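Below: the structure, in structure tokens.
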Amino acid sequence: MKVAKFGGSSLASSGQVRKVLNIVKADPARRFVVVSAPGKRNPEDIKVTDLLIELYHACLENKETDSIIQTIYNRYQAIGAPFKVDESILKQIYKDLQSLTDMPIENNRHFYDTVLASGEDNNAKLIAGVFQAEGLKARYINPKELGLIVTDEPQNARILPKSYTAIYQWRNSEEILVIPGFFGYTEEGEVCTFSRGGSDISGAIVAAGVKASLYENFTDVDGIFAAHPGYIHCPESMTEVTYREMRELAYAGFSVFHEEALMPSFRAKIPVVIKNTNNPQHPGTRITTERQNHDSPVVGIASDGGFSMIYISKYLMNREVGFTLRVLEILKAFGLNYEHMPSGIDDISIILRANQLNPELEEELMRKIAYEIDPDELRITHDLTMVVVVGEGMKKRVGSMAESTAALARKKINIEMINQGSSEVSIMFVIHKDREQDAIRTLYYTFFE
Ligand code: ASP
């Protein structure tokens with residue numbers, strides 16, 4: 001039994017929904033269908049979720065909302081039109097959109113989430129209607145009825161473990177269940193969404209709950225590329241990748257599959273496959289606990305920008321008990337989250353996401369470190385990018401680091417920092433952002449051509 005999740009681009013138009021219908025019809029094992037809100041039909045288009053954000057702001061600013069509601073409704077209406085979907089479903093969607101504008105706004109922590117979640121919720125109703133109109137035994141199910149209970153953290157909900165037991169009860173459902181992705185309900189019955197792109201997480205939770213044999217994540221590419229196609233012309237696509245590799249890649253900017261969606265499938269040991277709605281015959285990329293094919297030591301090269309690095313050096317730092325703790329306490333006092341902290345004998349570097357900083361905060365932070373730590377040298381560097389070479393195969397192989405650094409040296413790329421965890425799943429280089437593309441290219445051609 002399989003859980004199939006379809007992303008926004010797979011549900012953006014009636015033509016795309018026809019493909020989804022055919023995919024579901026083609027395999028009777030596809031019993032649970034998790035849907036996103038309708039996405040973009042072309043690069044200039046606007047996702048329904050983004051239209052709902054506009055609606056939210058219009059409500060907040062007490063502006064006219066009828067035209068946005070109509071625009072959103074038209075998206076659903078256009079998708080449903082060729083399928084002769086039951087009129088009452090579309091009426092219900094329109095009513096639901098209008099009722100959002102009647103909700104209390106003041107002191108309502110869940111208003112934003114409720115508005116956004118309606119994108120998926122209404123789409124699940126519509127897709128279930130399409131399936132029924134096309135002769136499938138299917139029905140919409142609300143996450144509350146399903147038992148998808150989450151923590152009360154708006155826009156950042158986390159699943160509560162008891163949900164898995166509740167969802168398991170639906171395992172033998174006679175009908176195909178069409179489930180809206182992206183949100184769940186708190187124990188108090190409020191809507192809370194996952195972070196953006198979170199329908200992947202819903203799919204993973206349902207797959208773990210019903211103990212599916214496979215979680216199929218349908219998107220608009222033939223699988224996960226080994227490097228960003230914006231940097232490499234026609235990069236190879238991966239046939240298989242392990243959870244650990246995927247975690248590293250997702251962390252460093254691979255966005256095909258939401259990084260939080262890995263955990264539920266990993267814990268429940270359910271294989272995931274990323275497939276293309278537009279080319280369902282293609283085998284896609286499988287995410288598994290263990291990779292069968294170790295031909296290539298490296299599976300992918302990822303990169304993510306927007307980092308800053310604080311460098312602190314102090315002679316005999318290694319003998320000072322509690323040195324790092326004091327540095328971390330300063331970060332904590334400033335509410336800063338750090339990503340990496342490689343260290344030498346007399347120095348440490350702290351790498352953090354630059355979007356947490358602003359010039360005033362930075363000045364104060366540096367002053368505080370200088371005062372409390374009394375370093376010999378202290379500086380902060382901005383505009384850094386992290387480039388990560390990922391592959392479990394590197395564990396058993398000599399020379400991956402040497403080849404990577406040689407490749408960067410050939411292109412005269414200065415490495416600000418290197419980090420390789422003892423797991424040896426990845427090697428991370430911090431470089432100046434202007435050399436990102438060169439770094440990705442030289443590393444890619446070192447390991448893939
Ligand atoms: N519709 C939501 C978003 O755009 C969730 C998703 O598509 O997975 O973020």
Side-chain angles (χ1 to χ4, degrees), residues 3-13 16-17 19-20 32-57 68 71-73 75-76 79 93 96-97 100 110-127 140 142-143 146 148 150 153-159 178-185 191-208 215-221 224 246 250 253-265 272-278 287:
V3 172
K5 179 258 166 180
F6 294 91
S9 60
S10 304
L11 300 158
S13 63
Q16 288 299 90
V17 170
K19 293 179 193 167
V20 168
F32 297 85
V33 174
V34 178
V35 299
S36 282
K40 293 182 179 192
R41 291 159 291 188
N42 54 61
E44 285 73 47
D45 202 8
I46 309 177
K47 292 169 81 167
V48 163
T49 308
D50 292 325
L51 290 169
L52 287 161
I53 294 177
E54 272 179 44
L55 175 63
Y56 165 81
H57 286 293
I68 308 177
T71 309
I72 299 171
Y73 173 75
R75 293 289 313 268
Y76 293 112
I79 293 170
I93 292 177
D96 183 271
L97 283 166
L100 293 172
H110 302 95
F111 179 54
Y112 183 77
D113 292 38
T114 308
V115 174
L116 258 64
S118 78
E120 307 357 67
D121 198 45
N122 283 327
N123 210 25
K125 289 177 188 158
L126 180 69
I127 301 301
Y140 154 85
N142 181 273
L146 187 74
L148 208 156
V150 295
E153 293 172 275
Q155 292 124 68
N156 196 23
R158 267 150 236 274
I159 190 73
V178 184
I179 305 156
F182 191 36
F183 70 99
Y185 284 82
V191 169
C192 250
T193 71
F194 300 114
S195 52
R196 285 296 304 264
S199 299
D200 285 348
I201 308 174
S202 308
I205 291 168
V206 174
Y215 171 29
E216 297 178 305
N217 192 289
F218 282 90
T219 170
D220 53 6
V221 284
I224 304 172
M246 197 55 224
F254 273 41
S255 57
V256 181
F257 190 59
H258 198 297
E259 60 176 332
E260 285 174 52
L262 287 168
M263 203 31 102
S265 324
V272 181
V273 62
I274 311 288
K275 283 179 74 85
N276 191 353
T277 300
N278 306 315
I287 309 174

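We count ligands from 1, going down the list as the structure has it; atoms in each ligand are counted the same way. If you're wondering where the values come from, they're calculated on a predicted model, not measured in any experiment.
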Looking only at protein heavy atoms, which one is nearest to [atom], and what is the separation?
{"atom": "atom 6 (C) of ligand 1", "result": "S199 OG, 3.4 Å"}
{"atom": "atom 1 (N) of ligand 1", "result": "T49 OG1, 2.7 Å"}
{"atom": "atom 7 (O) of ligand 1", "result": "S36 OG, 3.2 Å"}

Heavy-atom gap H258 to ligand 1 smaller than 4.0 Å: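 So H258 does not count as touching ligand 1.
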Check for me whether G181 has a heavy atom closer than 4.0 Å to any atom of ligand 1.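 No, that is not the case, since the closest heavy atom of the residue is not under 4.0 Å from the ligand.
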Going by atom types only, do Y140 and D121 share a side-chain donor-acceptor pair under 3.5 Å?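 There is such a pair (donor and acceptor under 3.5 Å, judged by atom type) between the side chains of Y140 and D121.
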Given S36, which partner from the list S199, S9, S202 fulfils the side chain to side chain donor-acceptor pair (under 3.5 Å) test?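 Filter result, single survivor: S199.
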Looking at D220, N278, T277, which one forms a side chain to side chain donor-acceptor pair (under 3.5 Å) with Q16?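 Running side chain to side chain donor-acceptor pair (under 3.5 Å) over D220, N278, T277 with Q16 returns exactly one hit, N278.
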Are I179 and F32 side-chain neighbours, meaning at least one heavy-atom pair lies under 4.5 Å?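 Yes, their side chains come closer than 4.5 Å.
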Where ligand 1 meets [X] - atom numbers and elements under 4.0 angstrom, heavy-atom basis:
{"X": "R196", "answer": "3 (C), 4 (O), 9 (O)"}
{"X": "K47", "answer": "3 (C), 4 (O)"}
{"X": "E120", "answer": "1 (N), 2 (C), 5 (C), 6 (C), 7 (O)"}

Picking from I274, V272, V273, what satisfies side chain to side chain contact (heavy atoms under 4.5 Å, CB included) with Y215?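 Only one of I274, V272, V273 forms a side chain to side chain contact (heavy atoms under 4.5 Å, CB included) with Y215, namely V272.
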Run through L52, V191, N123 and flag the one making a side chain to side chain contact (heavy atoms under 4.5 Å, CB included) with S118.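 Among L52, V191, N123, the one meeting side chain to side chain contact (heavy atoms under 4.5 Å, CB included) with S118 is L52.
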Examine G197 against ligand 1 and note whether any of their N/O atoms are separated by less than 3.5 Å.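 Yes, since at least one N or O of G197 sits under 3.5 Å from an N or O of ligand 1.
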Parallel, tilted or perpendicular, as decided by the 30° and 60° cut-offs, for the rings of Y112 and Y56: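 Taking Y112 first and then Y56, their aromatic rings stand perpendicular (interplane angle over 60°).
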